[in-house]
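Read through the structure below, which is laid out as structure tokens, and then see the notes.
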2 protein chains.
Amino acid sequence: MTSKDETIAARISRALAERIIAGTIAPGTRLRQDHVAAEFGASHVPVREAFRRLEAQGLAISEPRRGVRVAGFSLDEIREVAEMRAALEVLALRNAVPHLTKAVLDEAEEVNRAGERAKDVESWEDTNRTFHRLILTPCGMPRLLKTIDDLHTASARFLFSGWRAEWEAPTDRDHKAILAALRAGDGEMAASVLARHVQWPGHKGRK
Amino acid sequence: MTSKDETIAARISRALAERIIAGTIAPGTRLRQDHVAAEFGASHVPVREAFRRLEAQGLAISEPRRGVRVAGFSLDEIREVAEMRAALEVLALRNAVPHLTKAVLDEAEEVNRAGERAKDVESWEDTNRTFHRLILTPCGMPRLLKTIDDLHTASARFLFSGWRAEWEAPTDRDHKAILAALRAGDGEMAASVLARHVQWPGHKGRK
DNA sequence: TGTCGACAAATTATAGATAAAATAGCGAAT
DNA sequence: ATTCGCTATTTTATCTATAATTTGTCGACA
């Protein structure tokens, strides 16, 4: 088989997740297992398992005998995800501070510069996520990091949904401020900036 | 059929979760889908979906071609879950305060009293969870509440694992303090007590 | 005696097929 | 004309069977 040590269900799950995040599949769309199975050249059993993963990530909702639909999102949900991210990323950063090395900070700065050169939302989002992951991973709390990652993908959905056209590369002042505070050893300052920064992803007007 | 509008996969998932939490199945145990399927009188397809849910909850870990095992837990993980709960429950409580009614607080007080009369860890845990859910649900943030709920089940695992024998009904002073602060309208005080309260579940020695 | 290799058994993962349930469409009756 | 009920189609959920991968054991050779 052409499998690369990855289960088919996982591959389908990731592919669908990317589409949902990118907005290719509209919220509320019914995901029909047979159609998806046919498209990926698989049967619908792995498709079902992929649905469960999407459900766990909050990207889809499944009603008992009525199928699976792409999760919609309201303004309240955007706010909810933002607040959860703020709380958890601050927690992660506080635990990461003692383990942050200069090498990590340098790499984060480089990633940040790359983000400023990004020409579209997708690549900017990618560097943005990399930046956050870089400075948070040293906390060594896998469950926390996974939860944050799921929230980040949810944020990405919101980001891609509305400001695709009028998007422009933000200078990421917040990232710079966080790095500066971390280099100065002021973890609390970095945490408070991070909390504000995450609050409304992409809402430059509130900065 | 005896189905109560609940999918077989969901029923199996809940049954297994209860056993894992209760410690009936030891951490590291390999969950064999055929055995589980036979026990529940089902085939292994819904069992697989149940495994995915357990995996999402952090109760089991699945390695690509090597099966599913009950997740183990270290002291670091206990600490991690506790800190996540502290951060998220505080967030939920802050958002719930404006919507808290006297009726809810009265009910919470009643539940708390019932908890003090509990004779075993299981029933105490049940009332404990009910208490937390009662005062947090009014925040109206479904995703946050679900995440907290998953963390709570993880906490329950830890709680059941060690102190089963020498357990005694705690007077739940913290719960009372939280209720008192809420009745006085002091949401911040309630939040800070809650944060401390959640930090190390069951570790009375650190109070 | 220790290690390498191959064979066999067990188990997981996927595929194809079947049955149950819900929705939608159509018809008749009021 | 509208509403209620029935039938048919679509779709989900489960079961049985098959294929592939891994693990454990046995034997031979160095």
Side-chain angles (χ1 to χ4, degrees), chain A residues 1-20 24-72 146, chain B residues 1-20 24-72 146:
Chain A
M1 242 203 239
T2 63
S3 70
K4 343 175 271 272
D5 195 39
E6 191 187 29
T7 178
I8 290 185
R11 181 155 51 249
I12 295 177
S13 160
R14 275 198 318 163
L16 288 181
E18 281 180 19
R19 286 190 210 170
I20 295 176
T24 308
I25 318 180
T29 307
R30 285 169 69 97
L31 293 174
R32 283 169 306 217
Q33 51 187 8
D34 287 351
H35 290 196
V36 177
E39 180 190 340
F40 285 89
S43 113
H44 56 260
V45 179
V47 174
R48 241 159 185 292
E49 297 185 32
F51 284 173
R52 293 290 171 273
R53 286 185 80 158
L54 294 177
E55 191 185 357
Q57 282 185 317
L59 293 177
I61 56 177
S62 156
E63 288 170 285
R65 280 268 176 186
R66 315 177 73 146
V68 175
R69 298 198 324 275
V70 175
K146 186 183 176 303
Chain B
M1 244 204 240
T2 63
S3 70
K4 334 175 281 266
D5 194 39
E6 191 186 30
T7 178
I8 291 184
R11 179 156 51 249
I12 295 177
S13 161
R14 275 198 318 163
L16 288 181
E18 281 180 18
R19 286 191 211 169
I20 295 175
T24 308
I25 318 180
T29 306
R30 284 170 67 98
L31 292 175
R32 283 167 306 213
Q33 53 186 8
D34 287 351
H35 290 196
V36 177
E39 180 190 339
F40 284 90
S43 112
H44 67 264
V45 181
V47 173
R48 282 185 137 267
E49 297 185 31
F51 284 173
R52 292 291 171 272
R53 286 186 84 159
L54 294 176
E55 191 184 358
Q57 281 185 317
L59 293 178
I61 55 178
S62 159
E63 289 170 284
R65 285 264 177 189
R66 316 175 72 145
V68 175
R69 298 198 324 276
V70 176
K146 186 183 177 302

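Not measured: the values here are computed from a predicted model. The chains referred to below are lettered A, B, ... by the order of the sequence lines, with proteins before strands, and numbering in each begins at 1.
- Across the protein-nucleic acid pair, B:Leu31 atom CG and C:dT12 atom P stand 9 Å apart, rounded to whole Å.
- With DNA chain D read from its 5' end, the first of the two nearest nucleotides for B:Pro46 and B:Arg30 is the one closest to B:Pro46.
- A salt bridge links B:Arg69 with B:Glu63: the distance from a Lys NZ or Arg NE/NH1/NH2 to an Asp or Glu carboxylate oxygen falls below 4.0 Å.
- We find that CZ of A:Arg48 is positioned 6 Å from P of D:dT14, with the value rounded to whole Å.
- Taking atom CD of residue B:Gln33 and atom P of nucleotide C:dT14, one finds them 10 Å apart after rounding to whole Å.
- When rounded to the nearest whole Å, the span between CG of B:Asp34 and C1' of C:dA9 equals 14 Å.
- Counting any heavy atom pair closer than 4.0 Å across all strands shown, B:Arg66 reaches sugar-phosphate atoms only and no base atom.
- Between the CZ atom of A:Arg32 and the C1' atom of C:dA22 there is a distance of 15 Å, rounded to whole Å.
- Here the CD1-CG distance, from B:Ile20 to B:Leu31, works out to 5.5 Å after rounding to the nearest 0.5 Å.
- Spacing between atom CZ of A:Arg65 and atom C1' of D:dT14 amounts to 8 Å, rounded to whole angstrom units.
- Between B:Arg52 atom CZ and C:dA13 atom C1' there is a gap of 9 Å when expressed in whole angstrom units.
- Below the 3.5 angstrom threshold, one finds a donor paired with an acceptor across the side chain of A:His44 and the base of D:dT14.
- In this structure, B:Phe51 CZ and A:Arg52 CZ are separated by 14.5 Å, a value rounded to the nearest 0.5 Å.
- Summarising the geometry, the separation between CD on A:Glu63 and C1' on C:dA21 is reported as 14 Å, rounded to the nearest angstrom.
- Comparing B:His35 and A:Gly41 along DNA chain C, the residue whose closest nucleotide (by nearest heavy atom) sits nearer the 5' end is B:His35.
- Each of B:Val36, B:Thr7, B:Leu54 was compared with B:Ile12 under the side chain to side chain contact (heavy atoms under 4.5 Å, CB included) criterion, and only B:Val36 meets it.
- Along DNA chain C, the nucleotide closest to A:Val45 and the one closest to B:Ser62 are compared, and the more 5′ of them pairs with B:Ser62.
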